[in-house]
There are 2 protein chains.
Amino acid sequence: MPSTPPEQVPDADAALVHGHQPPSTRVPLSRERIVATAVAFIDAHGLVDLSMRRLGTELGVEAMSLYRYVTGREELLDAVVEHLVTELAQDSEVVREPTHGWQDFTQRLAHGIRRIALAHPNAFPLVASRPGQAPWLRPPLRSLEWVELFLAGLVAEGFTRDGAVAAYRAFTSFLLGHLLLESSQAGADVGPLDVIGDTNADSTAESGAGQDKLAGQHPLLAELRPALSENHAASEFEESLENLLERLQRMR
Amino acid sequence: MPSTPPEQVPDADAALVHGHQPPSTRVPLSRERIVATAVAFIDAHGLVDLSMRRLGTELGVEAMSLYRYVTGREELLDAVVEHLVTELAQDSEVVREPTHGWQDFTQRLAHGIRRIALAHPNAFPLVASRPGQAPWLRPPLRSLEWVELFLAGLVAEGFTRDGAVAAYRAFTSFLLGHLLLESSQAGADVGPLDVIGDTNADSTAESGAGQDKLAGQHPLLAELRPALSENHAASEFEESLENLLERLQRMR
DNA sequence: ACCTGAACACCGTTCAAGT
DNA sequence: ACCTGAACACCGTTCAAGT
């Protein structure tokens, strides 16, 4: 391996970028680029497959280079979580103040977080499971900023301080339960591999002896299996959110 | 290292066990013993520290021996989840049939699962995050048997079949949100290390410049921090469960 | 039948060295 | 200033070999 400088691309790219430059594969590393690539990698291949070494090659660099920008794998994962939460601020449907009432405010926030969960089903479990900076910074609303906005919004709308805190707790646990279930359902095809394949295999292999055994020992399950397999996540989310808002109304 | 047979213990133990035997450290491996030890290890040291090699030495055996009983690390973790769910059946407060009404039945089940989560805060996230055998086997109620019992119980109490399915969905997402938050709060002292230490460090270091910055940028957060830090998990669980039962009542 | 030694491919992370 | 090579300690997993 001669130690040539990084290979130049045919010019086409470089011309588009600027006058002339090292190729786009050679844009310097940065913490932001590393984290964004990590998110994309998790989206594409699942959390399990993400290693410092693979992320390095994904960036056209040796793994050791990453340590200039993140202190280690753990911190990288924390940065991934932060990156995801940051998407909230870029969501134009989400509003930072309850200009149309606290219900509208809360609903927009909930939907914004749901969009993040569904956009990154393989990464969302990180938002749920990473230990937070403080026990009162509860997933999935994990940033100081958004917790402040949430509490301030409710207080501005007439909630007592204790009421706002109680609402924060109810809101987070509602979101966590729903979105974790929904995102795991959405992301099941990539994490442990071949779950999609199994589902199809089921409908052939299982309809043989497997389905019979299910029917024997778990008759109701066998009967309700089609109903259980239907996906009503969206409407359930709306209904539960509605119910939550009624509860919060009572806390006000 | 002479290839002597496994060392005998001083007799005291062996005498208690049977007449005379290889020492208790030499009881043969078994899948059950491996899984139980894995659960204990996770409880004690956290999931991250569990490796096949460490689990081996914990059992007084080389890591390779484990592969006679589990096909790999992934399957071991699945077995851990199964082991935890099995504890439900041994909980004498939990009842398999709604002999005192469906509310009592559902409540006992919820409390039983909560006890498991609180007994194994470091392992419970596995119950939440491991991909299930089927998408309709939702965490944290992950066994065919308990889902069957739940559905059958509600149907026996007058729920329509679709009502029972809807109740199952609402029940699982309620439990998941609450228990994941509660167990992560309970288990924060062991997973990533020194979170307990940080909490104390906070109250000294943070009350300096850190607290001021918090107060400046996030005034409400700074003010409500004590309220947010209080732990009302138990009463919130009861209240939310109560609310859930009312919702289920309406589904009936 | 049950366990192990040796080996393989892969990790995360460090540090001195290269450009 | 930024990246890399080499090295270390540790993984999961396999397979032929030991008892």
Side-chain angles (χ1 to χ4, degrees), chain A residues 1-9 21-35 37-38 41-42 45-80 126 130 191-194, chain B residues 1-8 21-35 37-38 41-42 45-80 126 130-131 191-194:
Chain A
M1 295 288 119
S3 61
T4 45
E7 34 164 350
Q8 298 281 345
V9 286
Q21 263 194 345
S24 55
T25 53
R26 211 59 181 81
V27 305
L29 231 36
S30 76
R31 192 180 154 97
E32 181 46 32
R33 204 158 75 87
I34 290 171
V35 175
T37 307
F41 188 97
I42 296 171
H45 307 102
L47 178 59
V48 198
D49 285 355
L50 180 74
S51 73
M52 296 299 277
R53 292 174 122 113
R54 269 201 274 250
L55 182 56
T57 67
E58 198 82 358
L59 286 156
V61 107
E62 299 297 318
M64 308 83 194
S65 315
L66 306 177
Y67 288 85
R68 292 234 134 224
Y69 304 88
V70 287
T71 64
R73 186 177 198 261
E74 291 297 292
E75 205 221 19
L76 173 66
L77 295 183
D78 287 337
V80 164
L126 277 180
R130 287 257 103 196
L193 204 54
D194 77 5
Chain B
M1 293 290 117
S3 62
T4 45
E7 34 164 349
Q8 299 280 344
Q21 263 195 346
S24 55
T25 53
R26 210 62 180 82
V27 305
L29 231 36
S30 75
R31 192 180 156 97
E32 181 48 29
R33 204 158 76 87
I34 289 171
V35 175
T37 307
F41 188 96
I42 296 171
H45 307 103
L47 178 59
V48 197
D49 285 356
L50 179 74
S51 72
M52 296 299 277
R53 291 174 121 112
R54 270 202 272 253
L55 183 57
T57 67
E58 199 82 358
L59 286 156
V61 108
E62 299 297 318
M64 308 83 192
S65 314
L66 305 178
Y67 289 85
R68 291 234 137 223
Y69 303 90
V70 288
T71 64
R73 187 177 199 261
E74 292 297 292
E75 204 222 17
L76 173 65
L77 296 183
D78 286 337
V80 164
L126 277 180
R130 286 260 102 197
L193 205 52
D194 75 6

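Heavy-atom basis, side chains included; hydrogens, waters and symmetry copies ignored. In the text below, chain A, chain B and the rest are named by the order of the sequence lines, each starting its count at 1.
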*Nearest-Å distance for atom pair CG/C1', residues Asp49(A) and dG12(D)*: 14 Å
*N or O in side chain of Tyr69(B) less than 4.0 angstrom from dA1(C) OP1/OP2*: no
*Using only side-chain N and O atoms of Arg53(B), determine if any of them is under 4.0 Å from OP1 or OP2 of dT13(D).*
no
*Base, sugar-phosphate, or nothing for Ser51(B), non-hydrogen atoms under 4.0 angstrom?*
sugar-phosphate
*Proximal nucleotide (of dT13(D), dT4(C), dT13(C)) relative to the Ala63(B) side chain*: dT13(D)
*asked:* Distance check needed: dC11(C) P versus Met52(B) CE, whole Å only.
replied: 18 Å
*Please state how far atom CD in Glu74(B) lies from atom C1' in dT13(D), giving the value in whole angstrom units.*
13 Å
_Nearest-angstrom distance from the residue atom CZ of Arg33(A) to P of dC2(D)_ = 13 Å
*Please give, in whole Å, the distance from dT4(D) P to Glu62(A) CD?*
5 Å
_Please report the distance, rounded to the nearest Å, between CG in Leu55(B) and C1' in dC11(D)._
14 Å
Between the protein and nucleotides 14-18 of chain D, which nitrogen or oxygen pairs come in under 3.5 angstrom?
none

*To the nearest Å, give me how far apart CG (Leu66(B)) and P (dG12(D)) are.*
10 Å
_Output the pairing pattern of DNA chain C as a dot-bracket string, 5' first, Watson-Crick or G-U wobble with both distances under 3.5 Å, | for cross-strand pairs, [ ] for crossing pairs._
||.|||||...|||||.||
*Okay, side chain of Arg53(A), backbone of Ala63(A): is any donor-acceptor separation there less than 3.5 Å?*
no
